[in-house]
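All chains are named by letter (A, B, ...) in the order of the sequence lines, taking the proteins before the strands, and each is independently numbered beginning at 1.
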Protein chains: 2
Amino acid sequence: MTGPVSRRGLLGLAGAGAALAGAGAAAGYGVAREPVAAADDGVVAFRGVRQAGIVTPAQDRMHFVALDLTATDRGAVRDLLRRWTAAAERMTAGQDTADDGALPGNVYAVPADTGEAIGLAASRLTLTFGVGPSFLQKLGLADRRPAPLADLPAFQGDRLDPARTGGDLCLQACADDPQVAVHAVRNLVRAGFGVTEVRWSQLGFGRTSSTSTGQATARNLFGFKDGTNNLKAEEPDLLDQHVWVGDEGPEWLRGGSYLVARRIRMHIEPWDRSNLDEQQRIVGRTKGVGAPLSGSNEFDLADYAATDAAGPVIPDDAHIRLASAQANAGARILRRGYNFVDGSDGDGHLDAGLFFVAFVRDPQRGFVPIQRSLAKSDAMSEYLEHNGSAVFAVPPGLSGPDDYWGAALLA
Amino acid sequence: MTGPVSRRGLLGLAGAGAALAGAGAAAGYGVAREPVAAADDGVVAFRGVRQAGIVTPAQDRMHFVALDLTATDRGAVRDLLRRWTAAAERMTAGQDTADDGALPGNVYAVPADTGEAIGLAASRLTLTFGVGPSFLQKLGLADRRPAPLADLPAFQGDRLDPARTGGDLCLQACADDPQVAVHAVRNLVRAGFGVTEVRWSQLGFGRTSSTSTGQATARNLFGFKDGTNNLKAEEPDLLDQHVWVGDEGPEWLRGGSYLVARRIRMHIEPWDRSNLDEQQRIVGRTKGVGAPLSGSNEFDLADYAATDAAGPVIPDDAHIRLASAQANAGARILRRGYNFVDGSDGDGHLDAGLFFVAFVRDPQRGFVPIQRSLAKSDAMSEYLEHNGSAVFAVPPGLSGPDDYWGAALLA
């Protein structure tokens with residue numbers, strides 16, 4: 001397979017779909033390879049040891065959707081997950097959801113693909129699947145629930161909107177083209193009709209997390225580089241320690257991870273009225289290059305013991321100090337957040353912020369302590385409002401051509 | 001000026017900002033040139049005969065904001081428009097809103113720029129300014145209101161949400177990088193504090209209008225190419241006829257245009273259950289190449305008289321027939337629409353659709369007849385819900401280095 005992949009609709013070559021599916025599959029499953037980089041054709045391998053979309057270098061855009069089950073028949077859910085897997089694999093390869101899906105030869109057929117991605121490249125699309133605590137509950141699988149797969153505790157200052165919180169399962173679509181991500185989510189949502197319905201969804205742009213050392217750190221809507229110290233794809237030992245579920249987890253989740261999502265509204269108006277010094281002391285980094293206040297380059301190790309005449313160089317309530325591994329019994333996260341602006345709030349302001357997504361080995365140990373510490377003492381909290389929250393277990397990658405999302409859990 | 005333009009924050013070169021501002025200005029004002037194409041550095045000229053962002057080849061993303069006046073003192077408004085113009089010109093050149101705006105040398109200063117675009121290129125940012133009927137009313141300028149600057153009449157089926165409708169003025173930011181568009185709107189909104197506040201705002205992706213013959217027609221969320229027949233930058237005579245306000249307009253608006261915005265929710269779920277033939281007959285075009293049903297290529301002229309055994313080849317209630325110039329006394333529009341997905345609707349569906357923006361010489365003659373015809377008979381109406389609407393007068397471009405948005409109107 002050479003050259004950029006186009007949708008079958010424009011390719012117009014009989015059999016091309018099948019050929020691509022074959023190539024995509026051969027590149028991925030059963031091989032001890034993590035889908036770190038996309039091939040030159042913009043296709044990120046769908047099958048592999050891990051699900052794509054975790055350590056994959058963060059794409060430019062995200063469309064995240066949380067769904068609820070409207071059916072609790074395990075057979076129906078299994079059937080949907082099989083169909084989702086097949087469609088997801090095709091879409092990540094830059095194809096329609098089915099052969100001739102967007103443009104069926106028989107014009108009296110309902111198209112199997114909605115068509116808005118005809119002619120668009122694969123755009124490094126990844127689709128990542130997870131299940132929430134309520135998924136297992138509703139399907140009578142509570143005995144398979146690992147302890148860390150539980151709703152997060154309430155944090156100080158949380159103002160969670162039930163319409164943006166929880167969900168039986170989630171699909172995370174990341175791509176360099178938002179229309180490709182939206183197309184993928186929309187077609188999977190559509191395929192779920194009768195079994196699932198949308199609970200909430202979130203679009204993000206301007207990735208604020210680099211998941212690979214090859215990426216520059218992007219800026220959040222406070223204007224600061226964000227997530228400098230978080231884990232990267234190139235740190236496999238640390239990922240094993242902090243991100244991938246090990247032998248402590250149930251078999252269906254071993255090698256997978258947990259996804260923690262938080263919709264964080266940022267009160268940009270008061271932030272914009274604070275001076276540069278105040279902003280930098282709240283973050284603990286310089287706004288320009290993003291260096292810790294104790295250093296001069298972005299990746300300098302923060303020296304939390306450093307003091308000057310005024311006290312600690314990195315203040316006690318600085319965000320990076322409270323979020324640091326040192327302050328949280330060594331806890332570290334892989335972060336995949338995106339900025340959002342969701343119109344206005346009806347009160348004269350933009351509804352803007354950060355859609356925070358982290359992958360951790362155990363949310364209770366890896367995320368809760370950090371968030372508890374931030375919620376309690378972070379000087380930044382004054383400017384933040386957490387109004388959405390969810391946690392999902394993200395199974396490992398698909399192990400062979402017949403494997404499908406959730407197969408091991410539902411077996 | 002060579003090479004891509006970076007934000008001053010990263011350039012770190014004293015005087016670079018001023019040099020860039022000079023270059024940007026020299027390229028644009030007073031010259032009888034329309035800002036059709038961006039220079040290689042991704043900078044679209046800000047000054048010129050027309051405002052940029054109308055016939056400029058449609059960028060990939062849009063952030064549109066409608067604002068209301070919170071002050072009605074003409075002097076305060078004039079001062080804001082001067083400040084907006086200066087900041088807008090800088091941002092379209094890939095700079096901070098002010099010299100050292102994001103990173104003031106004095107850390108105890110409040111940054112004049114919010115910083116999230118540090119290091120990002122100009123990204124073909126355009127900022128387009130308009131005023132609504134209520135702007136003139138509130139400022140005691142009702143005698144300067146041209147008749148076409150009036151709220152649109154109610155159309156059959158409209159379900160307008162007041163929180164997405166109207167506005168005293170508007171700013172349209174288009175860019176190839178959404179963070180650049182968001183940064184621009186956010187900084188202008190911020191500068192307006194005390195004089196304006198956000199009424200509503202809308203983000204769009206996946207431009208569904210090509211404003212230039214050099215662009216391929218993009219697809220809307222029904223999966224169809226959209227806007228094939230609309231006017232293009234390369235048709236100056238037709239633009240004079242249908243888009244630019246001529247001698248019939250007041251002096252402050254001559255050479256400008258009117259912007260009509262409609263937020264059109266698309267009910268994608270029932271659409272997705274219709275078969276390909278039905279979809280094509282509703283649109284009047286094929287879904288693949290986008291040819292009129294009477295032809296075989298996208299740009300074939302539609303033959304509305306063509307019949308076959310079943311009747312008109314392009315049905316009487318087909319969208320393209322009812323929207324056509326032939327059906328609307330020759331009315332044609334310049335279209336600059338974007339797809340949107342704004343999360344979910346709380347009812348298990350995605351809140352998705354088209355943010356329709358058109359530029360016309362006279363909304364009452366150029367838009368109302370088309371929309372009335374569509375609202376009444378368009379087979380597509382069953383799948384659409386217009387829930388936001390606004391009309392703005394868009395003055396001509398800035399004529400010299402001291403000119404600013406709205407100067408001629410407020411003089």
Cut-off 4.5 Å, heavy atoms of chain A, and the answer for Phe193(B) is side chain

Residue from Asn339(A), Asp60(A), Asp272(A), Val341(A) scoring the most non-hydrogen pairs under 4.5 Å with chain B is Asp272(A)

Practice item. Would you check if Ile268(A) and Thr114(B) make a side-chain contact, meaning some heavy-atom pair closer than 4.5 Å? Key: no

Bottom line for Ala109(A): the part with an atom under 4.5 Å from chain B's heavy atoms is backbone

The reported gap from OG in Ser344(B) to CD in Glu197(A) (rounded to nearest 0.5 angstrom) is 10.0 Å

Between Gly343(A) and Ser201(B), the two heavy atoms sitting closest are CA-OG, 3.2 Å

Practice item. Using modelled atom types only, decide if a donor and an acceptor are shared between the side chain of Arg190(B) and the backbone of Arg273(A) within a distance under 3.5 Å. Key: no

Between Arg61(B) and Pro178(A), the two heavy atoms sitting closest are NH2-CD, 3.0 Å

Whatever's closer than 4.5 Å to a heavy atom in chain B on Arg164(A) counts as neither

One should read off an interatomic distance between Trp200(A) CH2 and Leu350(B) CG, to the nearest 0.5 angstrom, of 13.0 Å

- Mind running side chain to side chain donor-acceptor pair (under 3.5 Å) on Glu116(B) and Asn220(A) for me, showing each step along the way? CA-CA 6 Å; Glu116(B) 70 269 25; Asn220(A) 62 27; over 6 Å; no

Shortest non-hydrogen pair, Ser274(A) vs Pro111(B), comes out as O-CD, 3.5 Å

Under 4.5 Å to a heavy atom of chain A? For Leu203(B) that would be side chain

message: So does Arg219(B) get a backbone contact from the side chain of Gln179(A), meaning a donor-acceptor N/O pair under 3.5 Å?
response: yes

In this structure, NZ of Lys225(B) is separated from CD1 of Ile118(A) (nearest 0.5 Å) by 9.0 Å

In this structure, CG of Asn275(B) is separated from OH of Tyr108(A) (nearest 0.5 Å) by 8.0 Å

NE2 of His183(A) to CG of Leu221(B), rounded to nearest 0.5 Å, is 10.0 Å

